[in-house]
Amino acid sequence: MSDLNLDDFGEPRIKVVALPKDTNSSGNIFGGWILSQIDLAGATAAREIAPERVVTISMQEVTFKQPVFIGDVISCYAKVLSVGNTSIRVQIEVAALRLGEDGFRECLHVTSAIAIYVSVTKSGQKKPISAEIKRLHGF
């Protein structure tokens, strides 16, 4: 495994194998598939702050650093960066575990993203995040 320090990435949220059905026309894993994994991981982190429901309102930045290949084990990590009245800003990091050319497994940092979620009710109305939940999570 490489020198990648996963401790800086936040908590593990999703681990999934990239499959042939997830490829683009070049044979690499489709960026949209990776974005959907990022969104799921970020929403999972945001739901700890807004347990009823969250919706994605923006992806501020997504950086694809390395390609993802069929058979890679993708791990998505997420941590909440900040919490507003109804919004939650989350950093998501994606690592790929794969077999390297030397026959050893390696872990590569493949994608980074920052996403914003909003706390909403079941009917979709913005719902303020309680001060107590913010305090319990250090915000």
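Hydrogens, waters and symmetry mates play no part in the numbers below; they use all other heavy atoms, side chains included.
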Quiz item: What is the distance from atom CG of L81 to atom CZ of F139, rounded to the nearest 0.5 Å?
Solution: 7.5 Å

Practice problem: Specify the closest pair of heavy atoms between W33 and V17, including all atoms of both residues, with the distance to one decimal. | Solution: CZ2-O, 4.3 Å

Exercise. Using a 4.5 Å cut-off on heavy atoms from C-beta on, say whether the side chain of R105 contacts that of R98.
Key: no

Quiz item: In Å and rounded to the nearest 0.5 Å, what is the CD1 to CD1 distance from I92 to I114?
Solution: 8.0 Å

Practice problem: Measure across V68 and A18 and return the closest heavy-atom pair with its distance rounded to 0.1 Å. | Solution: CG1-CB, 4.2 Å

Practice problem: Check whether any side-chain heavy atom of T121 sits under 4.5 Å from a side-chain heavy atom of R53, and report yes or no. | Solution: no

Quiz prompt | Residues H109 and E93: side-chain donor-acceptor under 3.5 angstrom | solution = yes

Practice problem: First locate atom OG1 of T56, then atom CD1 of I116, and finally report the distance between them rounded to the nearest 0.5 Å. | Solution: 10.5 Å

Quiz item: For the side chain of Y77 and the backbone of I14, is there at least one donor-acceptor N/O pair under 3.5 Å apart?
Solution: no

Practice problem: In plain terms, say whether E52 and K127 are close enough for a salt bridge, that is, a side-chain N and a carboxylate O under 4.0 Å apart. | Solution: yes

Self-check item: D39 vs M59, side-chain contact (heavy atoms from CB on, under 4.5 Å): CA-CA, chis, key distance, verdict
Solution: CA-CA 9 Å; D39 194 26; M59 290 278 180; 4.0 Å; yes

Self-check item: pair V110-K65: side-chain heavy atoms closer than 4.5 Å
Solution: no

Self-check item: V16 reachable from V62 in the ILVMFWY side-chain graph, under 4.5 Å edges
Solution: yes

Self-check item: Check: C76 main-chain N/O paired with R13 side-chain donor or acceptor under 3.5 Å
Solution: no

Quiz item: From L136 CG over to K134 NZ, what is the distance, rounded to the nearest 0.5 angstrom?
Solution: 12.5 Å

Practice problem: Grab the two heavy atoms, one from A45 and one from V90, that are nearest each other, plus how far apart they are. | Solution: CB-CG1, 4.1 Å

Quiz item: Do you reckon V80 sits in the same ILVMFWY cluster as V120, going by side-chain contacts under 4.5 Å, direct or chained?
Solution: no

Self-check item: Atom pair OG/CZ of S119 and R47 - distance to nearest 0.5 Å
Solution: 10.0 Å

Quiz prompt | Inter-residue atom distance I29.CD1 - L19.CG, 0.5 Å rounding | solution = 7.5 Å

Quiz item: Taking 4.0 angstrom as the limit, do E48 and K79 come out as a salt bridge?
Solution: no

Practice problem: Could you state whether L99 and L108 fall into the same hydrophobic cluster, counting links through intermediate Ile, Leu, Val, Met, Phe, Trp or Tyr residues with side-chain heavy atoms under 4.5 angstrom apart? | Solution: no

Quiz item: Do you know the tightest heavy-atom contact between P67 and D72?
Solution: O-OD2, 4.5 Å

Quiz item: Which pair of non-hydrogen atoms, one from A95 and one from C107, has the smallest distance, and what is that distance?
Solution: CB-SG, 3.8 Å

Quiz item: Is the backbone of S87 close enough, under 3.5 Å, to the side chain of K126 for a donor and an acceptor to pair up by distance?
Solution: no

Quiz prompt | Cluster link V94 to F69, ILVMFWY, side chain under 4.5 Å | solution = no

Quiz item: For F30, does the CZ atom sit with more than 12 other heavy atoms under 6.0 Å from it, leaving out its own atoms?
Solution: no

Quiz item: How about N28 and T23: do any of their side-chain heavy atoms sit closer than 4.5 Å?
Solution: no

Self-check item: Single-linkage hydrophobic cluster, 4.5 Å side-chain cutoff, I74 and F64 together
Solution: yes

Quiz item: What are the two closest heavy atoms between I88 and A50, and how far apart are they?
Solution: CD1-CB, 3.8 Å

